[in-house]
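This report concerns only the one structure given below.
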Amino acid sequence: MKRNRVIDLLKSDALPQSIKVSGWVRSLRAGKDVAFMALSDGSSAATLQVVMEGSLPAFEELCKTGTGSAVTVCGVLRESPAKGQSVELLAEKIEVTGAADDSYPLQKKRHSFEFLRTIAHLRPRTNTFGAVFRLRSSLAHAVHRFFEERGFLYVHTPIITASDCEGAGEMFRVTTLPPQLAAAPDFSRDFFGRATSLTVSGQLEGELFAQAFTDIYTFGPTFRAENSNTSRHAAEFWMIEPEMAFADLMDDAALAEEFFRYLCHHVLGKCAEDMAFFDEHVEKGLCERIRKVADSSFEVMEYTEAIRHLKQATVSFQYPVSWGLDLQSEHERYITEKIVGGPTFLVNYPKEIKAFYMRQNDDNKTVAAMDLLVPKVGEIIGGSQREERLDILLAKMCACGINPDSLQWYLDTRRWGSTPHAGFGLGFERVLMYLSGMENIRDVIPFPRTPGHAEF
RNA sequence: UCCCCAAUAGCUCAGUCGGUAGAGCGAGUGACUGUUAAUCACUAUGUCCCUGGUUCGAGCCCGGGUUGGGGAGCCA
């Protein structure tokens, strides 16, 4: 007999019917002549109630089936006579395919996220992490659908890179040289004949493809060797980076806004059950918050205007506010949470505090950069219009101490058929945090990599 | 990397004045029940993070370390 999924059984309307289902025991309530088993196969946040009557073969033995055991149940799916569920499965035969004894770490009670991180191999079997990883999967599909619907080309940019000037952070070295050579390595003898690292961004390669396919995006793993110990940083995370030719900063912001709101609509519509769970157990009012973002247009604020707001603020900041200084987390939070009260694009930053590839504005003081700030998470998108003028780009690289020879392939796109173009990077996990209410990035990644942690 | 806080039963925590450790939940056993993280009764469980010191005596005080959490920086 074909195995059924719990989520389909719970929606079934052809009752009664004989079926087979497999999953893991979440809880078991045993009495003398009847017992109830809550069964999950991960397809849904809801469990299927399996009814065991005293006449079931090996009834007393089966009543001792521990939480976490894997079982296959054959029986009759029927309407439930009791409250709490509309359908239930009257068991005729139960096979315990993998028993779990009382040392199973997940108990029939609430556990802290900190504890569950120490058993990351088992936590997907909990309600919260079931919801998190169903949401993650569905959201990843939504990302691809959004771009596919708009004609964007999906490009797989390299994970191993020889660019030492991507500028986004410290990099992990990739080498096959013996460890004892690591102190003073001769990279000409290394696997690639040069020093290589794991990518910190697919942007530069993405730009190359945008100069051929016009609208492209990447969606893949990204690595930063920063010793960051915060709830918002991981050494390995997934990033989405669209790039558009013949586009300026406002086109970029428009795409970012449409994209972000699309994802909000997606989870409210397609992940309603899990979102309801988050709303009830993780963050009260979550769905209402997401709904507001999905239906509202985002504020756009000049950096210069933000500085003016911050200088007029009645609260006192720990870090100084002055035109030309970068904004600190406390400043960004104040803008998005107090001044605007919603997602906010900050645009046109002083050129000194931004990357070399960002397009210089006509005022000669600012560059066409944008950050999307959202309440709770802070910076969730960083993007810019790119400098497409070869002479200006060369001058800026030299000013930043970057050797143009190492990026000839990048400069070639400005040499022949250059276009105004723009793009942004969005941290996939940060969107997940924003949409689920989960407050630690380690709790939205299956097996997170952070300083000192690469187990599992 | 910096600042702050914490570490005691499987989990979450309490532990008074420095005098050899407790609760709830979970687990086990039994009873009972169309039950909903069932209910009731009983039972068991400790490297008090490690290390050095002070003391007659340290879970508690002091030094060093480890791990975890929160915040900052870096950024997505």
From C-beta outward on [X], which listed nucleotide comes closest to its side chain: [options]?
X       : options                : answer
E379(A) : G70(B), A72(B), A76(B) : A76(B)
D102(A) : A27(B), U12(B), U35(B) : A27(B)
R430(A) : U12(B), G73(B), A76(B) : A76(B)
K32(A)  : C32(B), A76(B), U35(B) : C32(B)
P81(A)  : A76(B), A37(B), G34(B) : G34(B)

Nearest whole Å is fine: how far is [N] [atom2] from [X] [atom1]?
X       : N      : atom1 : atom2 : answer
F317(A) : G71(B) : CZ    : C1'   : 17 Å
N440(A) : G70(B) : CG    : C1'   : 10 Å
D443(A) : G69(B) : CG    : P     : 9 Å
M37(A)  : G34(B) : CE    : P     : 19 Å
L122(A) : C11(B) : CG    : P     : 13 Å
K354(A) : A76(B) : NZ    : C1'   : 12 Å
R224(A) : C74(B) : CZ    : P     : 13 Å
H233(A) : C74(B) : NE2   : P     : 9 Å

Contact class for [X] vs. all strands (heavy atom < 4.0 Å): base, sugar-phosphate, or nothing?
X       : answer
I240(A) : nothing
Y319(A) : sugar-phosphate
A234(A) : base
A30(A)  : base
E429(A) : nothing
S80(A)  : base

5′-ward residue of the pair D33(A)/L28(A) relative to RNA chain B:
D33(A)

Go nucleotide by nucleotide along RNA chain B from the 5' end; which of E439(A) and G382(A) gets its closest nucleotide reached first?
E439(A)

For atom [atom1], what is the distance between [N] and [M], given to the nearest Å?
N      : M      : atom1 : value
U8(B)  : C61(B) : P     : 15 Å
G24(B) : A44(B) : P     : 14 Å
U45(B) : A6(B)  : P     : 31 Å
C42(B) : C25(B) : P     : 12 Å
U20(B) : G59(B) : P     : 9 Å
G15(B) : G52(B) : C1'   : 25 Å
A9(B)  : U1(B)  : P     : 29 Å
U51(B) : U67(B) : C1'   : 15 Å

Would you say [X] and [Y] make side-chain contact, with heavy atoms under 4.5 Å?
X       : Y       : value
E257(A) : S297(A) : yes
S12(A)  : Q17(A)  : yes
L48(A)  : L77(A)  : yes
M370(A) : L249(A) : yes
E387(A) : M397(A) : no
S138(A) : V267(A) : no

Quiz item: [X] side-chain donor-acceptor pair to [N] base, under 3.5 Å:
X       : N      : result
R78(A)  : G34(B) : yes
R110(A) : A37(B) : no
E114(A) : U12(B) : no
H111(A) : C11(B) : no
R29(A)  : C32(B) : no

Under 4.0 Å protein heavy-atom contact, by nucleotide of nucleotides 1-7 of chain B - B base, S sugar-phosphate only
B------

With a 4.0 Å cutoff (strictly under), does any side-chain N or O of [X] reach OP1 or OP2 of [N]?
X       : N      : value
Q49(A)  : U36(B) : no
S27(A)  : A37(B) : no
S103(A) : A27(B) : no
R232(A) : G73(B) : no
R117(A) : G69(B) : yes
K108(A) : C11(B) : no

Is it true that a side-chain atom of R5(A) and a backbone atom of D41(A) form a donor plus acceptor pair closer than 3.5 Å?
no

Could you tell me whether a side-chain N or O of T97(A) sits under 3.5 Å from a main-chain N or O of A70(A), the two making a donor and an acceptor?
yes

Assign the ring pair [X] / [Y] to parallel, tilted or perpendicular, where the plane angle (0 to 90°) is split at 30° and 60°.
X       : Y       : answer
F172(A) : F223(A) : perpendicular
F146(A) : F259(A) : tilted
H266(A) : Y262(A) : parallel

Under a 3.5 Å cutoff on both atom distances, Watson-Crick or G-U, what's the dot-bracket for RNA chain B ([ ] crossing, | other strand)?
(((((((..((((.....[..)))).(((((.......))))).....(((((..]....))))))))))))....

Could you check whether E379(A) pairs with R430(A) (Lys NZ or Arg NE/NH1/NH2 to Asp/Glu carboxylate O, under 4.0 Å)?
no

Taking the six-membered ring of F129(A) as reference, does the cationic atom of R125(A) (NZ for Lys, CZ for Arg) lie under 6.0 Å from its centre and within 45° of its axis?
no

Could you measure the distance from the OG1 atom of T128(A) to the CZ atom of F133(A)? Nearest 0.5 Å is fine.
11.0 Å

Expected label for U20(B) (glycosidic angle, syn inside 90° of 0, else anti) would be syn

Aro-ring/base stack F36(A)-G34(B), d under 5.5 Å, angle under 30°
no

